[in-house]
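Everything below concerns the one structure shown next.
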Amino acid sequence: MTDGQKKKSTVATPSSAYQRMVPRWRMIDVLLGGTEALREAGKEFLPQYENESNKNYQARLQRATLLNMTEQTLDTLAGKPFREAVVLDEDVPEQLVEFAEDIDMQGNNLQAFCRSWFREGWAKGFSHVLIEHPTPTATPDGRPRTLADDRSEGLRPYWVHIKPECLIAAYSSVVLGQEVLTHVRILERSVEKVDWEEVEKVRVRVLEPGYWWLYAPNEKGDEWHIEDEGPTSIDFIPLVTFYAGKRSGLMECKPPLTDLAFLNIAHWQSGSDQRNVLTVSRFPILAASGVPAEQKVDIGPNNFLTTEDKEGKWYYVEHTGAAIAAGQTDLESLEEQMSTYGAEYLRKKPGNETATGRALDSAESSSYLASTVRDFQDCVELAMQYTAAWARLDGGGSVKINSDVDLTEADSAELDALLKMRAARDLSRKAFLKEMKARQVLSDDFDEDLDAEQLTDEATASMGDMFNRGNGTQTPPVVDDPAGNGDDPAGNGDE
């Protein structure tokens, strides 16, 4: 392909909405992958300083540790609606009640499946469920298949969680005032054993009302062919999308935790600088005046330094600590902002309206999280309806998901008071977290002691070494590079 020539479009070409969402998902994905994923991402989220050597950059990168407030906030918010079981109402057909015990035919019941679906939607902005049905085979005697044939062979509809990065294109039209999907493409990856190796297989499933196709690439991956296809017994695309973010288009929105993710990346970068400046500041730099630049220097308990210059002298240059204090203040400020971020989604706000257009009474108020729970309940009921259509039942019934997740006015006032006390350092961090957990801002499984240990591993140990030096316990440095790195936080100058 010549320079400037447009790449040929194929069934695997993603939509423009998908391409706009990819960078938003990338940051969230890396943060949810933790310290290991951020280190692997390298310069993408931790830029290399100008004139910083590759060696010093890699050392700084490997010292950086993530305080993962994004994942902690996500787990707290996504877990609150499922502290109580998903309830199937009496109008749910008995057959669907049975299906709900293993809704995906992978051993997950409706409660576990919905928790994962809801969490993914909050992480990425939206997430999908495809209601599938095994492709039936022909009957032995050639007669048309019946529902009884499916049941006797154990064929029944099941749910498949489609992550947003796997749905590469979707298009819709408005029919009788309702948005109806007309075309969907789903990227499928699987690992197959070929001889003694594992080989990744890539397919693209295309769905249109009443029909489906499965495309596979050639060896080069530049041409695709139909590997399988067939009709469906329903005349619509059985895909349900839950939007947790505010929708800006079909399969497009801003993930609700995006701003928190940016704060978390800022903390990752600031923490890296802080770790690095602590490392540099621990070791005083041997300096001299009136000493020939070429003079050999040996440091040790049985050696001493001399100079023939009467004005000459030897001395150590140490970091003043000002940058350390400023860096610590920056980290604490970011941590305070992140620790309270999730609470904003729990505050009641008057006049909230769900994404499905259900306007709440103006006298009522609801938090953003509660609104998304009600939207999600609608999505689950729609998925039940699609399941019933596959099973040739009249309806899927209704479900109830706990939406009582708001902070009360009293809770909000208490939370504000706690935040102010913590900001003024009138309340310890341990007591603050304990109160936040008691008000269900933090998840039930949040461990204050474990969290404190992790923070200690990340920062306190480093600061402790610096304090030890002030107490006279600093190990004398071994100087093998008279030039040193100075007090440059980036550690520049060491190639």
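Any value given below was found using the heavy atoms of this structure, including those in side chains, with hydrogens, waters and symmetry copies removed.
For Glu40, the CD atom sits in a loose shell: 12 or fewer heavy atoms of surrounding residues, nucleotides or ligands are nearer than 6.0 Å. Open room surrounds CZ on Phe262; 12 or fewer heavy atoms of other groups in view lie less than 6.0 Å from it. With a 6.0 Å radius and a threshold of 12 heavy atoms from other residues, nucleotides or ligands, Glu188 has its CD atom above the threshold. In this structure, Glu197 places its CD atom where only 12 or fewer heavy-atom neighbours from other residues, nucleotides or ligands lie under 6.0 Å away. Within a 6.0 Å sphere centred on CD of Gln62, heavy atoms belonging to other residues, nucleotides or ligands number more than 12. Remark: Glu192 CD is packed, more than 12 non-hydrogen atoms of other residues, nucleotides or ligands lying under 6.0 Å away. Shown here is Asp394, whose CG atom has no more than 12 heavy atoms of other residues, nucleotides or ligands within 6.0 Å. Around atom CD of Glu94, no more than 12 heavy atoms belonging to other residues, nucleotides or ligands sit under 6.0 Å away.
For the side chain to side chain contact (heavy atoms under 4.5 Å, CB included) criterion with Asn264, the lone passing option out of Ile28, Thr70, Leu257 is Thr70. Between Trp159 and the choices Thr387, Asn108, Leu130, the side chain to side chain contact (heavy atoms under 4.5 Å, CB included) rule is met once, by Thr387. Between Ser127 and the options Glu120, Lys163, His161, a side chain to side chain donor-acceptor pair (under 3.5 Å) holds for only His161.
One finds the CD atom of Glu84 at 4.0 Å from the CG atom of Asn402 (value rounded to the nearest 0.5 Å). Put simply, CD1 on Ile234 and NE2 on His133 are 9.5 Å apart, with the number rounded to the nearest 0.5 Å. Summarising the geometry, atom CD belonging to Gln58 is positioned 5.5 Å from atom CG belonging to Leu61; distances are rounded to the nearest 0.5 Å. Note: Ser367 OG to Lys80 NZ = 9.0 Å, rounded to the nearest 0.5 Å. Rounding to the nearest 0.5 Å gives a distance of 4.5 Å between CD1 of Ile162 and CD1 of Ile186. Taking CG of Leu32 as the start and CG of Leu74 as the end, the distance is 6.0 Å to the nearest 0.5 Å.
Considering only heavy atoms from C-beta on, Lys254 stays 4.5 Å or farther from Ser248 through its side chain. Between Tyr57 and Leu46 the shortest side-chain heavy-atom distance falls below 4.5 Å. Counting only heavy atoms from C-beta outward, the side chains of Leu167 and Leu239 approach each other to under 4.5 Å. Side-chain contact between Glu52 and Arg60 is present, with heavy atoms from C-beta onward closer than 4.5 Å.
Using the six-membered ring where Trp is involved, Phe376 and Phe82 have ring planes that are perpendicular, over 60° apart on the 30 and 60° scheme. Ring geometry for Trp117 against Phe113 counts as perpendicular: the plane angle is over 60°, on a 0 to 90° scale with 30° as the lower cut.
Between Trp25 and Tyr18, a ring centre-to-centre spacing shorter than 6.0 Å is recorded.
Using a cut-off of 4.0 Å between Lys/Arg side-chain N and Asp/Glu carboxylate O, Lys8 and Glu223 are scored as salt-bridged. We find that Glu98 and Arg156 are not joined by a salt bridge, their nearest charged nitrogen and carboxylate oxygen being 4.0 Å or further apart. Electrostatic pairing of Glu344 and Arg347 counts as a salt bridge here, judged by a charged N lying under 4.0 Å from a carboxylate O.
At distances below 3.5 Å, at least one donor-acceptor pair connects side-chain atoms of His225 with backbone N or O atoms of Ala216. Using a distance-only test at 3.5 Å, with no hydrogens or angles considered, a donor-acceptor pair links the side chain of Asn68 to the main chain of Leu31. The closest donor-acceptor contact from the side chain of Ser270 to the backbone of Ala266 lies at 3.5 Å or more, if one exists at all. Between the side chain of Arg185 and the backbone N or O of Ile168 there is no donor-acceptor pair closer than 3.5 Å. Side chain of Asp89 to main chain of Lys400: no donor-acceptor pair is present (N/O by atom type, distance under 3.5 Å, no hydrogens or angles). No donor-acceptor pair closer than 3.5 Å links the side chain of Asp104 to the backbone N or O of Val160. Remark: side-chain polar atoms of Glu165 are not paired, donor with acceptor, to backbone N or O of Val22 under 3.5 angstrom. Under a 3.5 Å cut-off, the side chain of Glu381 and the backbone N or O of Ser398 do not form any donor-acceptor pair. Under a 3.5 Å cut-off, the side chain of Gln377 and the backbone N or O of Ile401 do form a donor-acceptor pair. Arg189 places no side-chain N or O within 3.5 Å of a backbone atom of Cys166 that could act as its donor or acceptor partner.
Nearest heavy-atom pair, Met251 versus Met21, reported as atom, atom and distance to 0.1 Å: O-CG, 3.8 Å. Across all their heavy atoms, Pro209 and Thr182 have their closest contact at CD-O, 3.4 Å. Contact record, Ser15 with Tyr171: CB-OH, 3.7 Å, taken as the closest heavy-atom pair. Of all non-hydrogen atoms in Thr241 and Cys379, the two that sit nearest each other are O-SG, 3.6 Å. Gln111 and Val86 make their closest contact through OE1-N, 2.6 Å (heavy atoms, listed as atom of the first residue, atom of the second, distance). The nearest pair of heavy atoms linking Leu393 to Pro93 is CD1-CB, 4.0 Å.
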Evaluation steps, side chain to side chain contact (heavy atoms under 4.5 Å, CB included), between Ile265 and Leu38: CA-CA 9 Å; Ile265 292 297; Leu38 274 166; 4.0 Å; yes

Derivation and outcome, side chain to side chain contact (heavy atoms under 4.5 Å, CB included), residues Val380 and Phe242: CA-CA 9 Å; Val380 174; Phe242 161 60; over 6 Å; no

Verdict with reasoning, Trp122 to Tyr345, per ring-ring contact (aromatic ring centres under 6.0 Å, His included): CA-CA 11 Å; Trp122 259 85; Tyr345 290 111; 5.1 Å; yes

Worked verdict on Val202 versus Trp224 for side chain to side chain contact (heavy atoms under 4.5 Å, CB included): CA-CA 11 Å; Val202 179; Trp224 293 74; 4.1 Å; yes

Residue pair Tyr215, Val206: steps toward the side chain to side chain contact (heavy atoms under 4.5 Å, CB included) verdict: CA-CA 8 Å; Tyr215 283 78; Val206 179; 3.8 Å; yes

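With sequence neighbours excluded, no residue forms a side-chain hydrogen bond (donor to acceptor under 3.5 Å, both in side chains) with Thr232.
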